[in-house]
Every structure is written in structure tokens, then in C-alpha cells.
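I have placed the structure first, in the form of C-alpha cells, so that the comments after it can refer back to it.
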Amino acid sequence: MSKKIMRRLSLLCFVIGVLLWSPNLIFGYGIGLWLLNYLLGPVGIILSIYSRNYLYTFLNLLTTFSFFIFMFLGYH
């Protein structure tokens, strides 16, 4: 797999991770889809490390730990 494809897949993992949180943040009711961040985040991290794009690594790391970040910021 080329680095360009891995970069795009890593960015896609980040975008999907953000979209999975949108029903909880925008509409205010909880949907369990955000739990997929625990699967997509590490996949995006691995892909971005192999493609040597550390910005995407950081962004996917944020989506992986987004639940803990939101709890710290007072989401609930």
C-alpha cells in the first residue's frame, strides 16, 4: 500500500471519528456509535505512523481518547 493511500485512510479515520461524536454534541442525546472511535482511532494511528504523517497521528490520538477529554472538559 502506498503512503498516499495510507495518509488518506488515516485522514478518513479521523473524519469518521469526528462525525461519530456529532450526534452526541449537536443533538444532545447519546448514541453508542462513538464507541467506534476505540477501533478507528488506533487504525488511523497505525496508518499515519506508517505513512510518516505525524499530524494525522496526533489527530487520531485525540479521537481515540476523545471520551476522556470530553469528560475532563465537563461534557456530562
Side-chain angles (χ1 to χ4, degrees):
M1 197 179 308
S2 70
K3 287 185 178 183
K4 187 176 181 180
I5 293 173
M6 284 193 279
R7 223 177 274 142
R8 287 185 179 173
L9 288 175
S10 176
L11 181 62
L12 182 66
C13 287
F14 169 70
V15 170
I16 291 172
V18 170
L19 290 176
L20 287 173
W21 268 108
S22 61
N24 292 348
L25 296 175
I26 294 172
F27 302 122
Y29 59 90
I31 296 177
L33 288 176
W34 64 269
L35 290 170
L36 289 173
N37 280 329
Y38 292 122
L39 297 174
L40 288 176
V43 170
I45 291 170
I46 292 169
L47 289 170
S48 62
I49 287 174
Y50 283 138
S51 67
R52 296 181 192 255
N53 193 333
Y54 299 112
L55 174 64
Y56 292 164
T57 303
F58 176 71
L59 292 175
N60 281 306
L61 193 65
L62 282 177
T63 59
T64 301
F65 294 109
S66 60
F67 174 74
F68 303 110
I69 294 169
F70 282 129
M71 290 300 282
F72 178 75
L73 294 176
Y75 174 64
H76 278 276

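Values in this document were obtained by computation on a predicted structure and should not be read as measured data. When a residue number appears, it is its place in the shown sequence, counting from 1. Just so you know, these numbers use all the heavy atoms, side chains as well, and skip hydrogens, waters and symmetry mates.
For the pair Leu39/Val43, no side-chain contact is recorded, criterion being any heavy-atom separation below 4.5 Å from C-beta on. Between Trp21 and Asn37 the shortest side-chain heavy-atom distance falls below 4.5 Å. In this structure, Tyr56 and Phe14 have side chains that are not in contact, with every pair of non-hydrogen atoms separated by 4.5 Å or more. In this structure the side chain of Leu62 reaches within 4.5 angstrom of the side chain of Ile69, judged on heavy atoms.
For OH of Tyr38, the number of neighbouring non-hydrogen atoms (other residues, nucleotides, ligands) closer than 6.0 Å is greater than 12.
Distance OG/Ser51 to CD1/Ile46: 12.0 Å, rounded to 0.5 Å. Atom CG of Leu20 is separated from atom CD1 of Ile16 by 7.0 Å, given to the nearest 0.5 angstrom. Atom CG of Leu47 is separated from atom CG of Leu40 by 10.5 Å, given to the nearest 0.5 angstrom. Within the model, atoms SG of Cys13 and CG of Leu59 stand 12.0 Å from one another, a figure rounded to the nearest 0.5 Å.
Side-chain atoms of Ser10 do not come within 3.5 Å of backbone N or O of Arg7 as any donor-acceptor pair.
The cluster map of Ile, Leu, Val, Met, Phe, Trp and Tyr, joined by side-chain heavy atoms under 4.5 Å apart, puts Leu36 and Ile26 in the same cluster. Under a hydrophobic-cluster definition in which Ile, Leu, Val, Met, Phe, Trp and Tyr are linked whenever side-chain heavy atoms come within less than 4.5 Å, directly or via other members, Phe68 and Ile45 are assigned to the same cluster. No path of Ile, Leu, Val, Met, Phe, Trp and Tyr side chains, each step under 4.5 Å between heavy atoms, connects Val15 with Tyr54, placing them in separate hydrophobic clusters. Linking ILVMFWY residues whenever their side-chain heavy atoms come closer than 4.5 Å, directly or via other members, places Phe58 and Leu73 in the same cluster.
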